[in-house]
2 protein chains.
Amino acid sequence: MVLFANERMDATGMGYQDQVFAQREQLLLTTARELFLAHGWEQVSVARVAEAAGIGKGTVYRHFPTKEAIYAQLVLAFSRRCLETYRQMPAEANPLLTMHRIIRRAFDLMNANRMEVQLCLHCERPEFQDRLDDAYRARFRELDQDYFDLFNGLAGEAVAGGLLKLGSVEEVHSGVETAFHGVMTRIAIGGFGACYGPETMESYFDHVADFLMAGIVGTSQDAWKRGIALCRT
Amino acid sequence: MVLFANERMDATGMGYQDQVFAQREQLLLTTARELFLAHGWEQVSVARVAEAAGIGKGTVYRHFPTKEAIYAQLVLAFSRRCLETYRQMPAEANPLLTMHRIIRRAFDLMNANRMEVQLCLHCERPEFQDRLDDAYRARFRELDQDYFDLFNGLAGEAVAGGLLKLGSVEEVHSGVETAFHGVMTRIAIGGFGACYGPETMESYFDHVADFLMAGIVGTSQDAWKRGIALCRT
DNA sequence: TGCCATCGTGACCGCTGGTCATGATGTGAC
DNA sequence: GTCACATCATGACCAGCGGTCACGATGGCA
């Protein structure tokens with residue numbers, strides 16, 4: 001029986017060989033992660049990962065159908081870890097503040113895991129997803145849905161509390177989602193160009209998080225359209 | 001004399017051979033672009049580009065030091081074309097509306113050139129830039145500066161017109177820049193997941209552009225911090 | 001102990017980006 | 001016209017990649 005990708009890592013109902021297999025898969029993933037971190041995931045060959053893990057190259061392919069599946073597994077693990085973190089964060093005084101806190105925390109989490117963020121963006125591309133096994137693809141979709149639910153939960157509370165207009169939720173989601181991807185890309189790029197940019201990544205994150213909240217609140221108030229119309233050039 | 005990358009394409013001061021060389025370079029770029037569009041830039045080999053252009057593989061490397069330099073050249077050309085479009089757009093009634101128009105136009109331009117957007121993101125990564133020749137790197141920096149200047153021009157006008165607080169310019173820049181990258185990433189990804197997303201890309205762009213303006217105006221007013229504080233959960 | 005199923009393995013494959021010795025070609029002097 | 005030279009296009013060639021698979025080691029069961 002082949003167990004791809006640490007599903008059912010609990011030892012119950014597993015034969016000894018299965019446990020050895022699962023352990024080796026974990027070793028493989030951590031080894032790959034270390035090498036990817038040290039040398040960049042595109043520069044690290046499967047053979048090198050195998051060697052570093054003290055395992056034959058062919059064995060790697062008993063665990064993962066392709067090198068890209070290793071990427072996918074690392075991304076899924078990271079993404080799940082993040083989601084769990086967000087879920088366990090305490091609610092603030094109101095849902096928009098909670099959202100602000102989660103967003104700000106997400107930026108820090110992603111910034112501390114640049115390689116995973118790069119892989120995330122890489123794995124989201126349809127060219128990548130199309131090449132992927134159905135099983136992996138399903139897990140990505142599931143996570144997408146979980147994140148969407150998390151957002152909708154908070155947005156729903158905000159609507160219920162009169163902080164957000166129901167009609168603005170979709171626009172706000174677009175904005176938040178876009179800012180997320182923007183920050184991910186900034187992190188993946190690895191900082192700012194020579195000619196501009198804030199002092200530190202932290203202040204950049206603060207700016208974007210605040211900007212986002214301004215957008216969320218402003219969107220529901222339609223303030224900018226009225227505001228701008230009143231001003232002269 | 002070797003002329004990399006269509007600098008000085010004007011025929012003056014060029015020998016016949018130089019013109020042939022420059023023409024072939026252009027042919028090479030358009031051929032590469034077509035193949036990249038049709039099959040994805042990662043799946044197209046240099047040999048295939050050469051064959052499609054009716055040129056020996058070795059000759060490709062007389063024009064571009066690496067395959068990545070072809071990417072860079074396509075990106076630079078696209079990015080310059082976009083910048084020129086933005087610069088030639090007429091000023092609206094006030095600078096923030098002009099900015100809105102430019103942003104919205106940029107989204108459409110990028111959406112119509114997905115492959116170039118993907119390459120843009122690929123080329124911005126430091127791993128890529130580090131491998132690149134100094135000459136190419138310098139051109140990227142120059143373009144970055146030009147885009148920054150474009151933003152600063154409009155932001156400066158907005159500040160002068162009282163539409164924006166001087167102290168908010170950096171935060172607004174962070175927000176706009178982040179949204180740009182977010183939209184680029186969304187385009188590069190190629191749409192939305194199964195479980196959410198607006199009806200069309202156009203309405204998504206509208207949402208993000210409007211959300212951005214709300215953020216720009218809201219940031220200068222510090223409205224959200226006061227607004228949220230007043231609301232109960 | 002001996003048999004058999006299972007699984008780890010590295011030689012092997014097709015292909016990639018990149019190099020370079022070689023031969024073709026255009027050019028200027030006479 | 002022609003010859004000698006410099007220049008440049010070329011594809012055979014290379015190391016390395018992701019991925020495969022026949023085979024031999026291994027471990028469990030009768």
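Letters A, B, ... mirror the listed sequences (proteins, then strands); counts begin at 1.
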Legend entry - Tyr61(B) side chain, from C-beta outward: closest of dT9(C), dG18(D), dT19(C): dT19(C)
Inset, instruction - Please work out which residues in residues 36-51 of chain B have a non-hydrogen atom less than 4.0 Å from an atom of DNA chain D and list them by number. - result: none
Legend entry - Arg105(B) and Asp108(B) ion-paired at < 4.0 Å: no
Legend entry - Spacing of Leu28(B) atom CG relative to dC8(D) atom C1', expressed in whole Å: 15 Å
Inset, instruction - Specify the separation, in whole Å, of atom CZ of Arg24(B) and atom P of dG26(C). - result: 12 Å
Inset, instruction - Could you tell me the separation between the CD1 atom of Ile70(A) and the C1' atom of dC17(D), rounded to a whole number of Å? - result: 14 Å
Inset, instruction - Check every strand shown and say whether Lys57(A) touches a base, only sugar-phosphate, or nothing at a heavy-atom separation below 4.0 Å. - result: base
Inset, instruction - Rounded to the nearest angstrom, tell me the gap between atom CD in Glu25(A) and atom P in dC7(C). - result: 14 Å
Inset, instruction - Output all residues satisfying side-chain contact (heavy atoms from CB on, under 4.5 Å) with Asn111(A), sequence neighbours left out; order by chain, then residue number. - result: Ile187(A), Met201(A), Glu202(A), Phe205(A)
Legend entry - salt_bridge(Asp134(A), Arg137(A)) N-O dist < 4.0 Å: yes
Inset, instruction - Rounded to the nearest angstrom, tell me the gap between atom CZ in Phe21(A) and atom P in dG28(D). - result: 16 Å
Inset, instruction - Look at Glu68(A) together with Arg125(A) and state whether they make a salt bridge at an N to O cut-off of under 4.0 Å. - result: no
For nucleotides 22-24 of chain C, which of its nitrogen or oxygen atoms have a protein nitrogen or oxygen under 3.5 Å away, and what is each distance?
none

Legend entry - Side chain proximity check, Val169(A) to Phe151(A), heavy atoms < 4.5 angstrom: yes
Inset, instruction - State, yes or no, whether a side-chain contact exists between Tyr136(B) and Gln129(B) at a heavy-atom distance under 4.5 Å. - result: no
Inset, instruction - Please report the shortest heavy-atom distance between Ala52(B) and Leu35(B), naming the atom on each side. - result: CB-CD1, 3.8 Å
Legend entry - Residue mapping more 5' on DNA chain D - nearest nucleotide basis, Gly56(B) or Tyr71(A): Gly56(B)
Inset, instruction - Take atom CD of Glu199(B) as the centre, draw a 6.0 Å sphere, and report whether it contains more than 12 heavy atoms from other residues, nucleotides or ligands. - result: no
Legend entry - Taking every non-hydrogen atom, the tightest pair across Gly190(A) and Arg114(A): CA-NE, 3.8 Å
